[in-house]
Enquirer: 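One structure is given below, represented as structure tokens, and several questions about it will come after.
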2 protein chains.
Amino acid sequence: MATKHDPTSGPRAAMIGSAVDLIRERGVAATSFADVLAHSGAPRGSIYHHFPRGKSQLVEEATQAAADRLGRGVERVLDATDTVGALRALADVWRRGFETSGYRAGCPIVAAALGTEPGARSIAGTTFDTWCSLIATKLTVEGVGSARASSLSVLIVSALEGALVVAQAQGSTTPLDTVVAELELVCRAAVSR
Amino acid sequence: MATKHDPTSGPRAAMIGSAVDLIRERGVAATSFADVLAHSGAPRGSIYHHFPRGKSQLVEEATQAAADRLGRGVERVLDATDTVGALRALADVWRRGFETSGYRAGCPIVAAALGTEPGARSIAGTTFDTWCSLIATKLTVEGVGSARASSLSVLIVSALEGALVVAQAQGSTTPLDTVVAELELVCRAAVSR
DNA sequence: GTCTATACGAAGATAGAC
DNA sequence: GTCTATCTTCGTATAGAC
């Protein structure tokens with residue numbers, strides 16, 4: 001039977017998914033077990049059965065799950081188009097997320113990076129690095145020298161994450177659109193040389 | 001007597017200053033009154049005397065105080081040199097802050113933007129906007145067209161704030177240095193055209 | 001795996017004395 | 001302005017039954 005031990009279903013997965021949603025909205029410190037249980041509908045008695053290390057473990061697994069999901073999304077759009085097209089596609093996803101959530105849901109990796117769980121903080125650090133590598137590799141394929149591709153990828157990830165923070169604080173997608181347009185100019189100049 | 005009603009001294013100012021420090025390290029939600037009292041040495045009985053609206057008020061005033069302080073710093077470096085020089089000067093300040101705090105203290109405005117107090121969130125939004133305007137004005141003086149200056153300033157603020165988050169998560173100032181170097185290239189290209 | 005009950009501490013906030 | 005005491009709610013975590 002294929003559904004046995006399916007890590008994407010069941011109360012455990014539901015709790016992780018809810019933790020991601022709530023952390024995006026309120027941050028790590030303000031997300032409690034009670035919130036996660038109410039949001040996921042998971043049974044009360046199974047928290048420390050599924051997560052023996054308690055909140056640290058839940059937050060770490062939620063951060064890792066969000067990192068994996070977002071990382072797959074980045075890989076997918078980088079495979080489908082060029083760097084500039086990928087930038088636009090990613091901005092579209094975030095723009096929609098802001099509009100449908102009323103600017104309540106931000107990036108879960110930023111929330112983890114600034115949160116109260118050291119384990120999750122360090123997962124956020126390596127996640128940013130992974131994203132930079134994916135983008136740098138793509139830029140290299142497009143003809144950018146490896147040193148420049150590496151530093152440009154750091155600018156892209158930083159600017160995008162910063163734009164999400166600014167956009168959320170201002171309740172407007174304009175900063176995000178502006179930053180993507182500026183990054184497009186930089187990428188084009190770097191590729192065509 | 002000149003020290004009468006001095007808003008920069010006394011228990012009230014000490015509490016605001018401590019709140020800024022603690023919010024930078026732990027975020028808004030994880031910063032409690034007990035923490036602020038212990039850190040500032042302020043008397044316990046005066047919390048709701050000085051801040052009748054409680055934690056919301058303290059966090060809002062702390063965010064505004066930090067915004068004013070940082071805004072004056074930005075104005076100062078923009079007056080002293082050109083945009084590129086200001087970028088380097090600001091990066092120096094943050095680099096030192098990370099190194100002396102063991103990468104514990106981040107940007108208080110980002111913390112407010114992602115925190116649990118709506119009032120402070122909105123102060124963060126207008127603060128980002130103020131910084132963008134300051135930088136855009138400087139770029140205009142340096143010969144950049146006003147539309148481009150405006151969008152470039154959004155890139156600069158977003159990339160800088162994003163770089164702070166990435167640098168803190170990775171426990172390294174390298175992302176900050178890399179982003180500033182990339183922003184320098186963009187600024188030079190925009191000015192000399 | 002899930003339940004209830006509970007321990008234990010900390011949070012924000014208020015009341016009234018000094 | 002500052003104190004102590006207290007209220008109430010909520011947080012994480014554990015114990016032991018089912």
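Computed from heavy atoms alone, side chains included, the values below leave out hydrogens, waters and symmetry copies. Sequence lines set the chain letters: A, B, ... in the order given, protein chains first and strands last, and positions in each chain run from 1. Computed from a predicted structure; not experimentally measured.
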Enquirer: Counting only side-chain heavy atoms from C-beta out, which of C/dA13, C/dG1, D/dG11 sits nearest to A/His49?
Expert: C/dG1

Enquirer: Establish, with yes or no, whether the OP1 or OP2 oxygen of D/dT2 is under 4.0 angstrom from a side-chain nitrogen or oxygen of B/Ser46.
Expert: yes

Enquirer: Taking the minimum atom-to-atom distance to the side chain of B/Pro43, which one of D/dA13, D/dC3, C/dG12 wins?
Expert: D/dC3

Enquirer: Give a yes/no verdict on a cation-pi contact between B/Arg44 and B/Phe33, requiring under 6.0 Å between NZ or CZ and the six-membered ring centre and an angle within 45° of the axis.
Expert: no

Enquirer: Which label fits A/Phe128 and A/Trp131: parallel for a plane angle under 30°, tilted from 30 to 60°, or perpendicular past 60°?
Expert: perpendicular

Enquirer: Over how many whole Å does the gap from A/Ile47 atom CD1 to D/dA13 atom C1' extend?
Expert: 9 Å

Enquirer: Consider the side chain of B/Tyr48, meaning its heavy atoms from C-beta on, and name the nucleotide among C/dA11, D/dT2, C/dT14 that approaches it most closely.
Expert: C/dT14

Enquirer: To the nearest Å, how far apart are A/Phe51 CZ and D/dT12 P?
Expert: 13 Å

Enquirer: Any side-chain heavy atom of A/Leu152 sitting closer than 4.5 Å to one from A/Ile135?
Expert: no

Enquirer: Answer yes or no: is there an ion pair linking A/Lys138 with A/Glu75, defined by an N-O contact shorter than 4.0 Å?
Expert: no

Enquirer: Tell me what B/Phe33 touches on the nucleic acid: a base, only sugar-phosphate, or nothing, going by heavy atoms under 4.0 Å.
Expert: sugar-phosphate

Enquirer: Please report, rounded to the nearest Å, how far the C1' atom of C/dG12 is from the CD atom of B/Glu117.
Expert: 11 Å

Enquirer: Could you pick out which residue, A/Pro52 or A/Ala30, lies toward the 5' side of DNA chain D when each is mapped onto its nearest nucleotide?
Expert: A/Ala30

Enquirer: Round to the nearest Å and state the distance from A/Arg26 atom CZ to D/dG11 atom C1'.
Expert: 14 Å

Enquirer: Say you draw a straight line from CG of B/Leu139 to CD1 of B/Ile156; how long is it, rounded to the nearest 0.5 Å?
Expert: 5.0 Å

Enquirer: Atom CZ of B/Arg53 and atom P of C/dT14: how far apart are they, to the nearest Å?
Expert: 13 Å

Enquirer: Is B/Ser56 touching bases, backbone alone, or none of the nucleic acid, heavy atoms closer than 4.0 Å?
Expert: nothing

Enquirer: C/dA10 P sits how many Å from B/Lys55 NZ, rounded?
Expert: 15 Å

Enquirer: Whole Å only: how far is the NE2 atom of A/His50 from the P atom of D/dA13?
Expert: 16 Å

Enquirer: Atom CG of B/Leu37 and atom P of D/dT4: how far apart are they, to the nearest Å?
Expert: 12 Å

Enquirer: Under 4.0 Å between a side-chain N or O of B/Ser32 and OP1 or OP2 of C/dA10?
Expert: no

Enquirer: Return the nearest nucleotide to the side chain of A/Arg44; candidates are D/dC3, C/dA11, C/dT4.
Expert: C/dT4

